[in-house]
*Asks:* 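Got a structure here, written out as structure tokens. Questions coming.
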2 protein chains.
Amino acid sequence: MRTKHEIGTRERIVQATSRLMQRQGCEATGLKQISQEAHATLGSVYHFFPGGKTELTIAAIAYGDREFSEFLRAALERVDDPAEAITACADRLAEELRDSGWLDGCPVTTTALESAGRVPDIQRAAEQAFANWRGLVDDKLRRSGFPEDVARDLAHTVINTLEGAEMSAQVSQSETPLHLAGRHLARLVNSYR
Amino acid sequence: MRTKHEIGTRERIVQATSRLMQRQGCEATGLKQISQEAHATLGSVYHFFPGGKTELTIAAIAYGDREFSEFLRAALERVDDPAEAITACADRLAEELRDSGWLDGCPVTTTALESAGRVPDIQRAAEQAFANWRGLVDDKLRRSGFPEDVARDLAHTVINTLEGAEMSAQVSQSETPLHLAGRHLARLVNSYR
DNA sequence: TAGCGAGTAGAGCGTTCGTTCTAGTAGGGT
DNA sequence: ACCCTACTAGAACGAACGCTCTACTCGCTA
């Protein structure tokens, strides 16, 4: 069935892997569960990902990377002022996290932490994702007139604070950490004007 | 051997669990590996923790909580100015993380994320740990003259930013995220004077 | 219409998981 | 000297793990 490209088996597998690992991490996600969720068979999984779970995990992280990059780019473009845009971004994250029943946190963090120092390929994929997101914030700040070095440093803390706040919000099932992160980051950014 | 309290089997088990889960998360840590690392037997593990892995995980989180609370309290007491104290704290975290070969990140985060929304008891234990750490920062800020509400809000972001930066530093194997977090947090705190 | 190859299907490999179970050892109180 | 309790020891359970394997379906090209 080479031409039956209704949805794409490979894409379905990657998508299911990303969502499952986002919710329960890499280690707790079995290939059997993935194949069921994706309406595919174990044979198909190994057909598309002969490298096994590691290769599949890397593809899932890359998928989450693209997904969040899209979200971040849209959120940053919607508002002109960079500080306000970051606050709006944090609020949107809080809203989406709450609407998912506090289940859908960062699609990369959990897997990244589980693999840090143990599976270099996965660690590198996660590092690349974070770098991409940082780049989007960096761009926004530079186009708003911030000096190169200030923008680069701020981009680090903006992404890392959002990551930490998202994690905290998920664990405490509260929007407060993300709302505070947005307000404080805006104040920090504005202090460099 | 009730009186043979040389080191304490129970304590050794909890300590080993905490360190293993800090490095590879809860799901990737088996009870067999724990008992070997702790120089105990599986029987002993179930003797002290009849609730199984869940009860043991909660104890390990509480242990990590106490451990980091001690670190945080000492770091905050060493320097009088709260902003400088937070910067010093971030730098110390970076140093210790590097010295561990980028292996020893936050002893709670990975397990917390793996269990969020799936194992309520573990999630609550992690939430309590974060609340305790926040309380220490809150205290420091209030005793330095910050208003109640400002201190409470800042404490949230200080802990969450440190958490995010520690995660980022571990994944990218670089001290930069933590150093930047320390500098930016100091600037943010000082902006409220 | 024959055959090639992409993709599906699922049984089964060895291993490890969390957990349970039964025995056995060793101090302290009486 | 006695037993009781605290603790250790490790075999064994069913289930699930990641992964391999062979057989099969079926659209496309020649």
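Chain A is the first sequence line, chain B the second, and so forth, proteins listed ahead of strands; every chain is numbered from 1.
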*Asks:* Applying side-chain hydrogen bond (donor to acceptor under 3.5 Å, both in side chains) to B/N190 and B/R187, what does each step give before you reach the verdict?
*Replies:* CA-CA 5 Å; B/N190 283 328; B/R187 190 182 179 99; over 6 Å; no
*Asks:* Applying side-chain contact (heavy atoms from CB on, under 4.5 Å), name anything that partners A/T110, two or more places apart in sequence or on another chain.
*Replies:* A/E114, B/L113, B/E114
*Asks:* Using the side-chain heavy atoms of B/K53, tell me which of these nucleotides is nearest: C/dT19, C/dT8, D/dT8.
*Replies:* C/dT19
*Asks:* Checking side-chain polar atoms at under 3.5 Å, does B/S172 have a donor or acceptor matched by the opposite partner on B/S174?
*Replies:* no
*Asks:* OP1 or OP2 of D/dC7 less than 4.0 angstrom from a side-chain nitrogen or oxygen of B/T41, does that happen here?
*Replies:* no
*Asks:* If we ignore angles and hydrogens, is there a donor and acceptor under 3.5 Å between the side chains of B/N160 and A/S168?
*Replies:* yes
*Asks:* Closest to the A/L42 side chain: D/dC7, D/dC19, C/dG7?
*Replies:* D/dC19
*Asks:* Among the candidates C/dG7, C/dA9, C/dG18, find the nucleotide nearest to the side-chain atoms of A/H47.
*Replies:* C/dG7
*Asks:* Rounded to whole Å, how long is the line connecting atom NE2 of A/H39 with atom C1' of C/dG7?
*Replies:* 18 Å
*Asks:* Going by an N to O cut-off under 4.0 Å, is there a salt bridge joining B/E96 and B/R92?
*Replies:* yes
*Asks:* Scan B/Y46 against the nucleic acid and name what it touches under 4.0 Å (heavy atoms): base, sugar-phosphate only, or nothing.
*Replies:* base
*Asks:* Just checking A/G52: base, sugar-phosphate only, or nothing, at a heavy-atom cut-off of under 4.0 Å?
*Replies:* sugar-phosphate
*Asks:* What is the ring orientation for B/W133 with B/F130, classed by angle as parallel under 30°, tilted 30 to 60°, or perpendicular over 60°?
*Replies:* perpendicular
*Asks:* Of all of residues 14-37 of chain B, which get a heavy atom below 4.0 angstrom from DNA chain C, listed by number?
*Replies:* B/T29, B/G30, B/L31
